[in-house]
Amino acid sequence: MTRTSQTTMQAALVEQFGKPLVLREVPVPVPGPGQILVKTEACGVCHTDLHAAAGDWPLRPTLPFIPGHEGIGIVTAIGAGVKAVREGDRVGVPWLYSACGHCEYCLSARETVCAEAEFGGYSKNGGFAEFILADPNYVAHIPAGLAPRDAAPLICAGITTYKGIKETQAKPGDWIVISGIGGLGHLGVQYARAMGLHVCAVDVDDGKLAHAKRLGADVVVNARDGDAIGAVKKATHGGAHGVLITAPSLAAFKQGVGMTRKFGTCVLVGLPPGEFPTPLFDVVSNCITIRGSFVGNRLDMAEALAFAVDGKVKAEIELQPLSAINSVFERLERGAVASRVVIDFAAAS
Ligand code: NAD
Ligand code: ZN
Ligand code: ZN
């Protein structure tokens, strides 16, 4: 095993829910048997990091913890018995940090719902730090030719929207609604186009909608327009075959169900805390499927990255140093980030 000479590192920690992150110098973790140490080059900031830091969800992480689940870096040390990666490899440390590998969900490649799954930047420390400890069996393998800063948003926002679109079962030529054109949605528009779908983009912000148009959306609808459901139904001739809701807003969920075509599928990936009312009669009488989708498995990851290598999908990024993390959180909360902020560790060192 090799060790980095650095013994302490800069990290941004959640020490209390709902409070700003605290920048601290903490010890560089040492990889035990079966673990690897990754020197972070870049880490995207996902809206999930806001939910994590706010303690929004029923199962809260243990304090203190380091968020960030779009961390990309170079393997700098490996623990005993590690065979899956080598020192010098470029990897990503994603939301699915590890799983048991043996339960019915792991065996059927639905490993993100494994009862023993650990989550990067949540139940395990994540990428808002100069080094990340990782499980070599679950890291993303970053293809040559993909810069770390460009790869970062793909290992959560990219895989989640790519998988979510597949889960709608929409076919080439079908219509899909992408609701929420932020970090996830701006990639969702590009994946959907690359997968041969007609895209209707929905957001509450006209700037985000103009952006969706530039990325190839056929139609854009402002969710706050008087009759947004009617506008989508008109444009798609009866509703979209697939609807993917990435918006972190409960209002978007009921609206998304209303935009779904008869026999269509509405896939939920946005995770605002709470519940939304479901129009039962419409769902039943129109035979609509409502389905949750949670990131994706390791094959989805490789596929999602391959679209970027082929030049079909490109994250639009704004680089910031780790020291700016709290202002980035504040802007993301109020919808003032254009697409994705990526924390650039190369800039700081
Ligand atoms: P983001 O803040 O970058 O983007 C959210 C977008 O939604 C913004 O463009 C905003 O203007 C738009 N929006 C807000 N209210 C809306 C409404 N009522 N209708 C339509 N659009 C609306 O967030 P993000 O990083 O893209 O994450 C989005 C959500 O997805 C978060 O809740 C996050 O936790 C969740 N998420 C889920 C998974 C999963 O596996 N299911 C993975 C990653 C993120
Ligand atoms: Zn995420
Ligand atoms: Zn399992």
Side-chain angles (χ1 to χ4, degrees), residues 43-52 54 56-57 67-71 94-96 98-122 126-127 152-164 167 177-189 201-209 211-212 220-225 228 243-256 259 267-274 276 291-297 300 316 318 328-329 331-341:
C43 185
V45 183
C46 180
H47 208 107
T48 289
D49 296 314
L50 303 189
H51 297 309
D56 269 347
W57 298 334
H69 53 273
E70 291 184 350
W95 178 253
L96 180 66
S98 64
C100 83
H102 305 289
C103 70
E104 66 173 284
Y105 304 110
C106 284
L107 291 175
S108 56
R110 296 175 293 173
E111 56 203 19
T112 64
V113 301
C114 171
E116 289 175 36
E118 301 279 1
F119 301 117
Y122 203 78
L154 302 177
I155 73 163
C156 176
I159 183 179
T160 301
T161 50
Y162 169 62
K163 176 70 163 191
E167 291 289 281
V177 162
I178 309 283
S179 170
I181 310 295
L184 265 63
H186 92 285
L187 289 169
V189 170
V202 177
D203 202 290
V204 291
D205 180 319
D206 286 331
K208 301 267 172 77
L209 291 174
H211 185 209
V220 299
V221 171
N222 192 312
R224 291 195 178 134
D225 281 356
V243 173
L244 181 72
I245 305 178
T246 78
S249 153
L250 289 175
F253 288 77
K254 182 170 182 225
Q255 194 175 55
M259 292 170 175
V267 171
L268 320 182
V269 299
L271 275 166
F276 73 97
R291 173 176 291 165
S293 185
F294 201 35
V295 282
N297 65 28
D300 299 316
E316 303 212 346
E318 172 194 330
V328 171
F329 268 39
R331 283 171 54 215
L332 193 56
E333 185 72 62
R334 61 182 165 87
V337 167
S339 296
R340 201 53 141 196
V341 169

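Start at 1 and go down the list; that is how both ligands and their atoms are numbered. Values below: all heavy atoms of this structure, side chains included; hydrogens, waters and symmetry mates excluded.
- Within 6.0 Å of OH on Tyr105 lie no more than 12 heavy atoms contributed by other residues, nucleotides or ligands.
- Inspection of the environment of the Zn ion (ligand 3) yields the following protein N, O or S atoms under 2.8 Å: Cys100 SG, Cys103 SG, Cys106 SG, Cys114 SG.
- Each of Ile178, Thr246, Leu209, Val221 was scored for a side-chain contact (heavy atoms from CB on, under 4.5 Å) with Asp203, with one residue passing: Leu209.
- Note: Trp57 and His51 have tilted aromatic rings, judged against thresholds of 30 and 60 degrees for the angle between ring planes.
- Thr48 OG1 to Tyr122 OH: the interatomic distance, rounded to the nearest 0.5 Å, is 9.0 Å.
- Closest of all the heavy-atom pairs between His211 and Ser339 is CE1-OG, 3.0 Å.
- Using a 4.5 Å heavy-atom cutoff, the side chains of Leu184 and Arg340 are in contact.
- In Glu318, the CD atom is crowded: over 12 heavy atoms of neighbouring residues, nucleotides or ligands sit closer than 6.0 Å.
- Note that NE2 of His69 and SG of Cys156 are 3.5 Å apart. Values are rounded to the nearest 0.5 Å.
- Counting heavy atoms from C-beta outward, Leu268 and Phe276 have side chains that approach closer than 4.5 Å.
- Listed by chain and number, the protein N, O or S atoms at a distance under 2.8 Å from the Zn ion (ligand 2) are Cys46 SG, His69 NE2, Cys156 SG.
- Under the side-chain contact (heavy atoms from CB on, under 4.5 Å) rule, Val269 has a single partner from Thr161, Ile245, Leu244, which is Leu244.
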Protein N/O near ligand 1 N/O, under 3.5 Å, which pairs?
from, atom 1, to, atom 2, distance (Å)
ligand 1, 2 (O), His47, ND1, 2.7
ligand 1, 3 (O), Gly183, N, 2.9
ligand 1, 9 (O), Gly182, N, 3.4
ligand 1, 9 (O), Asp203, OD2, 2.8
ligand 1, 9 (O), Lys208, NZ, 3.2
ligand 1, 11 (O), Asp203, OD1, 2.7
ligand 1, 11 (O), Asp203, OD2, 3.4
ligand 1, 18 (N), Ser249, OG, 3.2
ligand 1, 23 (O), His47, ND1, 3.4
ligand 1, 25 (O), His47, N, 3.0
ligand 1, 25 (O), Arg340, NH1, 2.7
ligand 1, 26 (O), Gly183, N, 3.4
ligand 1, 26 (O), Leu184, N, 2.8
ligand 1, 32 (O), His51, NE2, 2.8
ligand 1, 32 (O), Leu271, N, 2.9
ligand 1, 34 (O), Thr48, OG1, 2.7
ligand 1, 34 (O), His51, NE2, 3.3
ligand 1, 40 (O), Val295, N, 2.6
ligand 1, 41 (N), Val269, O, 3.0
ligand 1, 41 (N), Ser293, O, 2.9

Handout entry: Verdict with supporting geometry, Val295 and Lys163, side chain to side chain contact (heavy atoms under 4.5 Å, CB included)
Key = CA-CA 7 Å; Val295 282; Lys163 176 70 163 191; over 6 Å; no
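- Qualifying salt bridge (charged side-chain N to carboxylate O under 4.0 Å, His left out) partners for Glu167, counting only residues two or more places apart in sequence or in other chains: none.
- The number of heavy atoms from other shown groups lying within 6.0 Å of CZ (Arg224) does not exceed 12.
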